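First comes the structure, then the notes that go with it.
Counting begins at 1 with the first residue of the sequence. All figures in this text were calculated on a predicted structure; none of them were measured in a lab.
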Amino acid sequence: MGHRTGVIELEGMEFHSHHGVLEREKIAGNLFTVDFSGMTDMQAACESDNLEDAVDYSKIYDTIAAEMAQPSNLLEHVAGRIVDAIAERFPEFESFSIR
């Protein structure tokens, strides 16, 4: 089996979350947009056409949504939690970024 690296991107995911240091941010919340990009070997999925051989996009979304639902004072903190959760749940990513 060969190696076919590809990029998976989920852009423009919007979440109404309660991140921030100010009390009004914690109460009212804000709209946050999150972009994800990750590189992974897609060879098996390219050959099989089976979801079991691919990264399930909905699970990436669900992982990010779960972290966005937990309030943080700092965006750096929630971003760090997202990075940790993605790295733990999706070890098949050779690299990825969150924005």
Side-chain angles (χ1 to χ4, degrees):
M1 185 181 296
H3 182 77
R4 189 177 290 176
T5 299
V7 178
I8 293 175
E9 294 181 325
L10 283 80
E11 296 183 339
M13 294 178 282
E14 293 186 343
F15 303 95
H16 186 267
S17 300
H18 297 268
H19 307 306
V21 196
L22 303 176
E23 195 61 30
R24 69 176 178 265
E25 293 173 312
K26 293 178 181 183
I27 294 170
N30 284 300
L31 183 63
F32 294 90
T33 303
V34 179
D35 296 330
F36 170 86
S37 179
M39 293 187 65
T40 187
D41 182 355
M42 296 183 175
Q43 186 68 35
C46 289
E47 293 175 358
S48 73
D49 196 27
N50 289 322
L51 181 58
E52 296 80 31
D53 293 326
V55 177
D56 186 337
Y57 291 46
S58 70
K59 291 181 181 175
I60 296 170
Y61 179 90
D62 291 345
T63 300
I64 294 170
E67 297 303 326
M68 289 299 291
Q70 297 178 38
S72 291
N73 288 328
L74 302 175
L75 292 179
E76 293 85 350
H77 185 257
V78 71
R81 287 198 332 261
I82 291 170
V83 166
D84 291 345
I86 294 288
E88 181 180 322
R89 191 163 185 194
F90 302 96
E92 58 269 35
F93 281 114
E94 297 169 13
S95 65
F96 65 89
S97 66
I98 301 291
R99 183 173 63 131

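A ring pair (Phe, Tyr, Trp, His ring centres under 6.0 Å) with Y61 is found for one member of F15, F36, F90 and no other, namely F15.
Counting non-hydrogen atoms of other residues, nucleotides and ligands closer than 6.0 Å to CD of E94 gives a total above 12. No more than 12 heavy-atom neighbours from other residues, nucleotides or ligands sit within 6.0 angstrom of CG on D49.
Side-chain atoms of R81 come within 3.5 Å of backbone atoms of Q70 as a donor-acceptor pair (strictly under, hydrogens ignored). Between the side chain of T40 and the backbone N or O of E92 there is at least one donor-acceptor pair closer than 3.5 Å. Listed for the D56 side chain is a donor-acceptor partner under 3.5 Å among the backbone atoms of S58. Within the 3.5 Å criterion, the main-chain N or O of T5 finds no donor-acceptor partner in the side chain of D41. Here the side chain of E25 pairs a donor or acceptor atom with the backbone of V21 at under 3.5 angstrom.
With rounding to the nearest 0.5 angstrom, the CE atom of M68 is 3.5 Å from the NE2 atom of H19. Taken from CZ in R89 to CD1 in I64, the straight-line distance is 11.0 Å, to the nearest 0.5 Å. Atoms NE2 and CG, on H16 and N30 in that order, are 6.5 Å from each other to the nearest 0.5 Å. Atom CD in E14 sits 4.5 Å away from atom CG in L31 (nearest 0.5 Å). Atom-to-atom distance recorded for K59:NZ and L51:CG is 7.0 Å, nearest 0.5 angstrom. A distance of 4.0 Å separates CZ in F93 from CD1 in I60, rounded to the nearest 0.5 Å.
Using a 4.5 Å cut-off on side-chain heavy atoms (C-beta onward), V83 and F96 make contact. The shortest distance between side-chain heavy atoms of D53 and E47 does not fall below 4.5 Å. Side chains of L10 and V34 form no contact here, defined as non-hydrogen atoms less than 4.5 Å apart. Counting heavy atoms from C-beta on, the side chains of D35 and E9 never come closer than 4.5 Å.
Both Y57 and I98 belong to a common hydrophobic cluster when Ile, Leu, Val, Met, Phe, Trp and Tyr are linked at side-chain heavy-atom distances under 4.5 angstrom. With hydrophobic clusters built from ILVMFWY side chains whose heavy atoms lie under 4.5 angstrom apart, M39 does not share a cluster with I8.
Smallest separation of non-hydrogen atoms from T63 and A85: CG2-CB, 3.6 Å. The shortest non-hydrogen separation linking H18 to K26 is ND1-O, 2.9 Å.
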Evaluation steps, side chain to side chain contact (heavy atoms under 4.5 Å, CB included), between V78 and F32: CA-CA 11 Å; V78 71; F32 294 90; over 6 Å; no
